[in-house]
Protein chains: 2
Amino acid sequence: MNEAKLNQVVKSINPLQQDVMALVQQRLDSLTKPPGSLGKLEDIVKQLGGITGNVLPLITQKAVLVMAADHGVVAEGVSAFPQEVTPQMVYNFLAGGAAINVLAKQAGAEVICTDVGVAADLEHPKLRMKKVAKGTANIAKGPAMTREQAIAALLVGIETAQEQIAAGVNLLATGDMGIGNTSPSTAIVAVLMGRPVEEVVGRGTGIDNPGLERKIQVIKQAIAINQPDPEDGLDVLGKVGGLEIAALAGSILGAAAGGVPIVIDGFISTAAALIAATLAPASVNYMLPSHCSQEPGHILALSHLGMEPMLNLSLRLGEGTGAVLAFYLVEAACQIIRDMATFEEAGVANSEQ
Amino acid sequence: MNEAKLNQVVKSINPLQQDVMALVQQRLDSLTKPPGSLGKLEDIVKQLGGITGNVLPLITQKAVLVMAADHGVVAEGVSAFPQEVTPQMVYNFLAGGAAINVLAKQAGAEVICTDVGVAADLEHPKLRMKKVAKGTANIAKGPAMTREQAIAALLVGIETAQEQIAAGVNLLATGDMGIGNTSPSTAIVAVLMGRPVEEVVGRGTGIDNPGLERKIQVIKQAIAINQPDPEDGLDVLGKVGGLEIAALAGSILGAAAGGVPIVIDGFISTAAALIAATLAPASVNYMLPSHCSQEPGHILALSHLGMEPMLNLSLRLGEGTGAVLAFYLVEAACQIIRDMATFEEAGVANSEQ
C-alpha cells in the first residue's frame with residue numbers, strides 16, 4: 001500500500017521541458033552581456049524554465065524542510081555532541097534562535113520543522129509530528145529500520161513537500177537535524193558510490209582523531225553486518241540510513257513530482273539526494289546544488305549527481321543553512337532573465353551578430 | 001602634490017582592531033552551533049568587527065563603484081567586442097539595463113558609475129565625469145599612461161570611495177567596464193606575481209584560439225617593451241595598467257582609509273587589488289573576496305592576497321556582478337552574530353563546556 005504510493009510518486013516525475021529551455025537560452029543570448037558570461041546563473045534559469053514551463057520563471061514563496069531524527073549509532077561514540085541536543089535544537093528551531101531561522105528570515109523563507117524520528121517526546125504547536133520511530137536502531141549491530149519504516153519516512157517527506165507546494169511554495173530546500181547523522185550519511189554515500197569509507201568520512205560537528213578512527217570502524221562494521229544492496233535504494237536506506245535522511249529523500253521526490261525545484265543542503269541532504277536519485281533518476285533534474293561542506297564525501301556525492309556547488313563557505317552545520325543561502329542566487333538568476341535589457345533595447349553592439 | 005595626497009591616504013589606513021575581533025570570536029562560540037561550523041561567515045564577521053570596532057556589525061548602506069575606461073591595446077585585436085561597446089555599456093548602466101543594475105537592485109545597493117577614461121565624450125546627469133584621458137595608449141608599443149595620470153586615476157577612485165562613505169555607505173564593491181581590460185589585468189598579475197603570461201591569461205569576454213595566441217604575444221610584448229618594476233606598484237600600473245584599474249585600486253585604498261570593507265569583484269578588480277596591496281599592504285585587511293571567474297589569473301591573484309572565493313558561479317562578466325552577489329553573504333554573517341540564540345538562551349547542551 002505504502003510502497004504503491006511511493007511508486008506512483010516516482011512514476012509521476014516529468015522530464016524537463018526542452019522546448020522551454022531552448023527559449024530561455026535564446027533570451028539569455030539576447031541580453032547585454034557576452035554569451036554565457038553569467039555562468040551558473042544562466043544554467044539555473046534554464047533548469048527552472050525546464051521545470052516550470054515558464055521562460056521567465058519567478059520565485060514567489062520559499063520554504064526549507066527541516067527533518068529531525070535520532071540515530072542509534074550514537075551509542076558507539078561517533079559524535080561530538082550528546083543525543084539530547086537533537087530535541088534541544090528542534091525547540092531552538094521552533095523558537096527561532098538557530099542559524100537556519102536567521103538565514104531563512106533573511107531569505108524570506110519559512111522553516112518547516114518535522115519530527116520524523118526524534119528519540120524523545122516533543123510537543124509544540126509549530127512542530128509537524130510525524131514520528132515513524134523513536135530514533136533508528138544501532139547500524140553497527142543490525143539494520144537502522146525496517147523496509148516499511150523507510151517507506152513510511154519517505155512518505156512523510158513526500159507529503160511535507162506536497163503540503164508546501166499546495167500552499168503556494170515554489171522553491172524548496174532540504175535541511176536536517178540529527179546528532180550522529182554524518183555516520184549513516186557516510187555509509188549511504190560509500191555504499192551507493194562503491195567507495196571505501198575512509199574516502200567519504202569526515203569529522204561531522206567536530207570529532208577528534210581517536211573519534212574519527214572509531215567512526216570509520218563503526219561505519220565499516222555497519223556495512224559489513226547489514227550488506228546493503230547498492231542497486232536497491234530502499235535497502236540501503238533501511239539498513240544503514242536514517243529517518244530524517246529518508247524524509248529528505250522523500251521531500252526531493254515530492255518536490256520533483258510536484259514540479260518544484262529543491263535546493264540540496266549539505267552532506268546529509270546530499271546523501272538523501274543520492275537515495276532519491278537511486279529510487280527515481282528523473283528527480284535529479286529538480287535538484288539545485290548549494291554549497292560544499294567540509295565532509296569529504298559531500299563533493300564526491302555532488303559530482304556523482306552531476307552538480308557543482310555554488311557556494312564555497314566551509315559550512316558544516318546542516319539544518320538547511322547552505323541551501324537557504326543559495327535561494328538568493330536562484331532568485332538572482334530569475335531577476336537576470338526578467339529585468340536585463342537586450343542588445344537591441346540598449347543599443348549595444350553584439351559581437352555575435 | 002597628488003603623490004603627497006596618495007601617500008597620506010596610504011598612511012592613514014589603520015590595522016584591524018584585534019581586541020574587538022577576540023570579542024566577536026567569543027560571541028560566535030557562544031551561539032547554538034558547533035564552533036566554527038559557519039566557516040567563512042564567521043571569518044567575515046570577525047573581519048568586519050576588526051574593521052568597524054563593532055562586535056555586532058551591521059550593514060546599512062551599500063554601493064558598487066563601477067569604473068569605466070578604454071584601452072589602446074584593443075588595436076591589437078585582443079577582445080571579442082569592439083571598443084564602442086564601452087560607452088554603450090556605460091549608457092546601459094545609467095539606464096539600468098545591465099546585469100550589474102539588476103543584481104545591485106536585488107542587493108539593495110546603488111550603482112555609482114564613473115567615467116575615468118572612456119575614449120568617447122559621454123554626458124548623463126547620473127554619470128560621474130572624472131576622465132583622466134580618452135583611454136590609455138597601446139601597451140604593446142609603450143606605456144599605457146604617465147605616472148602622473150596613474151596617480152590622478154588612483155585619486156579619482158579614492159575620492160569616489162570617500163564621497164560614498166561620507167554619504168553613509170558602509171559596504172562597498174568594485175566593478176569595471178572597459179573593452180580589452182583583461183589584457184592589462186593579465187600583464188599586472190603576471191608582473192606583480194612573477195608568473196609567465198601563459199599561466200595568467202584567459203579568454204576574457206570570449207576570444208577564440210587564434211585570438212588567445214595573439215593576446216599572449218601582445219601582453220608579452222607589452223611587458224618586454226615597458227619593463228615595469230614589480231616592486232613599484234605605480235610603475236606597473238602606469239606602464240601596463242588601465243585607468244579604470246587605477247581608479248579601482250584607488251577605491252580600495254579609499255575604502256580602507258575610510259574604515260569601510262570593500263568586496264572585490266572579478267579578475268580586473270583583483271588585478272586592481274594587487275596594485276592596492278603593493279601600494280598599501282594594510283589595505284588587504286579591508287578587502288572581502290567574492291567569486292572566482294574563469295580567467296586563470298584570478299584564482300592565482302586571490303590566493304596571493306590570502307583570499308578564497310565565496311561564490312563559484314563561473315561568472316566572467318565583470319561590472320561588479322560577482323561582488324554585489326556577495327553582499328548577501330556579508331549581510332548573512334552580520335545577521336548570524338546579531339540574531340542567533342546562545343547555548344544558554346536556548347537551553348542547548350554545548351559539548352565544549
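A note on names: the letters A, B, ... follow the listed sequences, proteins ahead of strands, and every chain is numbered from 1. Nothing here was measured: the structure is a model prediction, and the numbers come from that model.
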Closest heavy-atom pair, B/Thr32 versus A/Ala98, reported as atoms and distance to 0.1 Å, is OG1-CA, 4.2 Å
Just give me the residue among A/Thr342, A/Leu31, A/Leu38 that pairs up with chain B most often, heavy atom to heavy atom, under 4.5 Å.
A/Leu38
Select all residues of residues 323-333 of chain B having any heavy atom within less than 4.5 Å of some heavy atom of chain A, and report them by number, or 'none'.
B/Val324, B/Leu325, B/Tyr328, B/Leu329, B/Glu331, B/Ala332
Does any heavy atom of chain A fall under 4.5 Å from the side chain of B/Glu84, the backbone, both, or neither of them?
side chain
Report, in residue-number order, which members of residues 88-95 of chain B are under 4.5 Å from chain A by heavy-atom distance.
B/Gln88, B/Met89, B/Asn92
For A/Glu42, enumerate each residue passing the salt bridge (charged side-chain N to carboxylate O under 4.0 Å, His left out) test, keeping only those at least two apart in sequence or located in another chain.
A/Lys33
Among B/Ala341, B/Ser293, B/Gly322, B/Ala346, residue most engaged with chain A (heavy-atom pairs, under 4.5 Å):
B/Ala341
Shortest non-hydrogen separation from B/Val85 to A/Ala349 and the atoms involved
CG2-O, 3.6 Å
For B/Glu344, does the CD atom have more than 12 heavy-atom neighbours from other residues, nucleotides or ligands under 6.0 Å away?
no
For the CG atom of B/Asp339 and the NZ atom of A/Lys105, what is their distance to the nearest 0.5 Å?
5.5 Å
Exceeds 12 heavy-atom contacts within 6.0 angstrom, atom CD of B/Glu110:
no
All N/O donor-acceptor pairs, side-chain side in residues 307-319 of chain B, below 3.5 Å, sequence neighbours left out:
| from | atom 1 | to | atom 2 | distance (Å) |
| --- | --- | --- | --- | --- |
| B/Glu308 | OE1 | B/Lys40 | NZ | 2.8 |
| B/Asn312 | ND2 | A/Pro309 | O | 3.3 |
| B/Arg316 | NE | B/Gln294 | OE1 | 3.2 |
| B/Arg316 | NH1 | B/Thr205 | O | 3.4 |
| B/Arg316 | NH2 | A/Pro35 | O | 2.8 |
| B/Glu319 | OE1 | B/Ile100 | N | 3.2 |

Of B/Cys292, B/Gly39, B/Gly97, the largest count of non-hydrogen pairs under 4.5 angstrom with chain A goes to B/Gly97
